[in-house]
Amino acid sequence: MAKKKLATVWLGGCSGCHMSLLDIDERILDVAKLADIVKCPVVDGKEFPDVDIALVEGSVTSDEHMREIKHIRKHSKILIALGDCAVMTNVTGMRNYFNLADVINASYLTAVSNDGEGEMPDNPQLLKLIDKVLPLQEVVRVDFVLPGCPPDADTIFYVLSEFLQDRVPNLAEAKKLKYG
Ligand code: SF4
């Protein structure tokens, strides 16, 4: 079986899902036998290449994320929403209960920690937050959802292993398996 190309991406999330991915520990060597990791937060590649599988953590929060996830969708055969922020916005979506301008003002100007000296960043090159945080499936087609905050390492390893061997994972099965 030819080696697959794997990418992991971090959009609007806390990186906890990637930490959980790293918790597969030495099983990363099993993954490496089946796939080349061609893009991830610690691989310094500027471009997102064509991949077989993209694991995407976090939700869509800005114009930049919007462009990124559409590009990822176009270049990925299988797109997996990794964790609750990607699946349903979760913690990242907590700002959806408020008006965006109020959230930005509270963050940069009126927060107590600013001591009244806050400043609104206005560099035109900065990304622009969208009004409401969106889960991936409201922007692009998602092939598989892997819920959890974060999903546990055993489940991530199971799902990844199945897709890397051309099988469709069954999360009910994952619960019965023991790894490690
Ligand atoms: S699902 Fe939980 S662990 Fe994953 S990015 Fe969101 S807040 Fe962090």
Side-chain angles (χ1 to χ4, degrees), residues 1-62 64-65 67-94 133-180:
M1 187 185 296
K3 259 186 158 185
K4 296 209 168 13
K5 287 190 167 41
L6 171 65
T8 81
V9 184
W10 175 11
L11 298 183
C14 75
S15 93
C17 290
H18 270 82
M19 294 300 111
S20 200
L21 170 62
L22 290 178
D23 280 343
I24 69 173
D25 298 325
E26 71 278 6
R27 289 173 289 178
I28 193 76
L29 298 176
D30 297 326
V31 172
K33 282 183 198 150
L34 298 169
D36 290 322
I37 301 174
V38 293
K39 183 97 173 83
C40 78
V42 294
V43 171
D44 188 23
K46 304 300 178 219
E47 301 299 324
F48 187 94
D50 288 330
V51 298
D52 295 292
I53 300 169
L55 274 176
V56 183
E57 167 189 325
S59 34
V60 178
T61 72
S62 64
E64 191 174 293
H65 285 165
R67 280 193 298 275
E68 213 174 334
I69 193 63
K70 286 179 182 170
H71 180 85
I72 291 165
R73 176 66 275 180
K74 209 168 154 189
H75 292 273
S76 307
K77 288 186 190 154
I78 296 169
L79 193 158
I80 301 172
L82 173 67
D84 285 347
C85 289
V87 176
M88 54 178 146
T89 78
N90 194 33
V91 176
T92 311
M94 288 172 73
V133 175
L134 299 170
L136 301 189
Q137 75 270 11
E138 284 194 22
V139 183
V140 293
R141 177 173 55 82
V142 168
D143 300 300
F144 194 84
V145 297
L146 182 39
C149 181
D152 66 78
D154 288 348
T155 308
I156 295 174
F157 179 69
Y158 164 73
V159 167
L160 211 41
S161 301
E162 291 296 283
F163 274 123
L164 290 175
Q165 294 172 86
D166 296 323
R167 297 190 292 259
V168 178
N170 175 351
L171 288 179
E173 283 301 311
K175 290 195 188 315
K176 294 183 208 156
L177 298 173
K178 291 262 184 274
Y179 292 101

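Counting non-hydrogen atoms of other residues, nucleotides and ligands closer than 6.0 Å to NZ of Lys4 gives a total above 12.
Between Asp25 and Arg27, no side-chain nitrogen of the basic residue sits less than 4.0 Å from a carboxylate oxygen of the acidic one, so the salt-bridge criterion is not met. Asp52 and Lys77 are joined by a salt bridge, as a carboxylate oxygen and a charged side-chain nitrogen come within less than 4.0 angstrom of each other.
Of the possible donor and acceptor atoms, none in the side chain of Thr92 sits under 3.5 Å from a partner among the backbone N and O of Ser59. Checking side-chain atoms of Lys39 against main-chain N and O of Gly45 turns up a donor-acceptor pair under 3.5 Å. A donor-acceptor pair is defined here as one N or O able to donate and one able to accept, closer than 3.5 Å; no such pair exists between the side chain of Glu57 and the backbone of Ala86. Side chain of Asp143 to backbone of Leu79: a donor-acceptor contact under 3.5 angstrom is found. Not one N or O on the side chain of Thr8 forms a donor-acceptor pair closer than 3.5 Å with the backbone of Leu55.
Between Ala54 and Phe48, the shortest heavy-atom contact is CB-CZ, 4.2 Å. Between Ile156 and Pro151, the shortest heavy-atom distance links the atoms CD1-O, 3.7 Å. Listed here is the closest heavy atom pair of Val38 and Pro49: CG2-CG, 3.7 Å.
For the atom pair Asp152 CG and Ile24 CD1, the distance stands at 12.0 Å (nearest 0.5 Å). Residue Leu11 holds its CG atom at 11.5 Å from CG of Leu134, rounded to the nearest 0.5 Å. The structure places CG of Asp154 at 9.0 Å from OG of Ser20, a figure rounded to the nearest 0.5 Å. Summarising the geometry, atom CG belonging to Leu82 is positioned 12.5 Å from atom CH2 belonging to Trp10; distances are rounded to the nearest 0.5 Å.
Counting only heavy atoms from C-beta outward, the side chains of Ile72 and Val140 never approach each other to under 4.5 Å. At least one side-chain heavy atom of Leu171 sits under 4.5 Å from a side-chain heavy atom of Thr155. Taking the side chain as every heavy atom from C-beta outward, Gln165 and Leu34 approach each other to under 4.5 Å. Within the 4.5 Å cutoff, the side chain of Ser76 has heavy atoms near those of the Val51 side chain. Two residues are said to be in side-chain contact when any heavy atoms from C-beta on lie closer than 4.5 Å; Glu173 and Tyr158 meet this criterion. Contact annotation: the side chain of Ile28 never approaches that of Leu22 to less than 4.5 Å [non-hydrogen atoms, C-beta and beyond]. Side-chain contact between Pro150 and Asp23: absent, with no pair of heavy atoms (C-beta onward) separated by less than 4.5 Å. With a 4.5 Å cut-off on side-chain heavy atoms, Leu136 and Val60 count as touching.
Sorted by first and then second residue, the ring pair (Phe, Tyr, Trp, His ring centres under 6.0 Å) pairs with a member in residues 12-35 form an empty list; sequence neighbours excluded.
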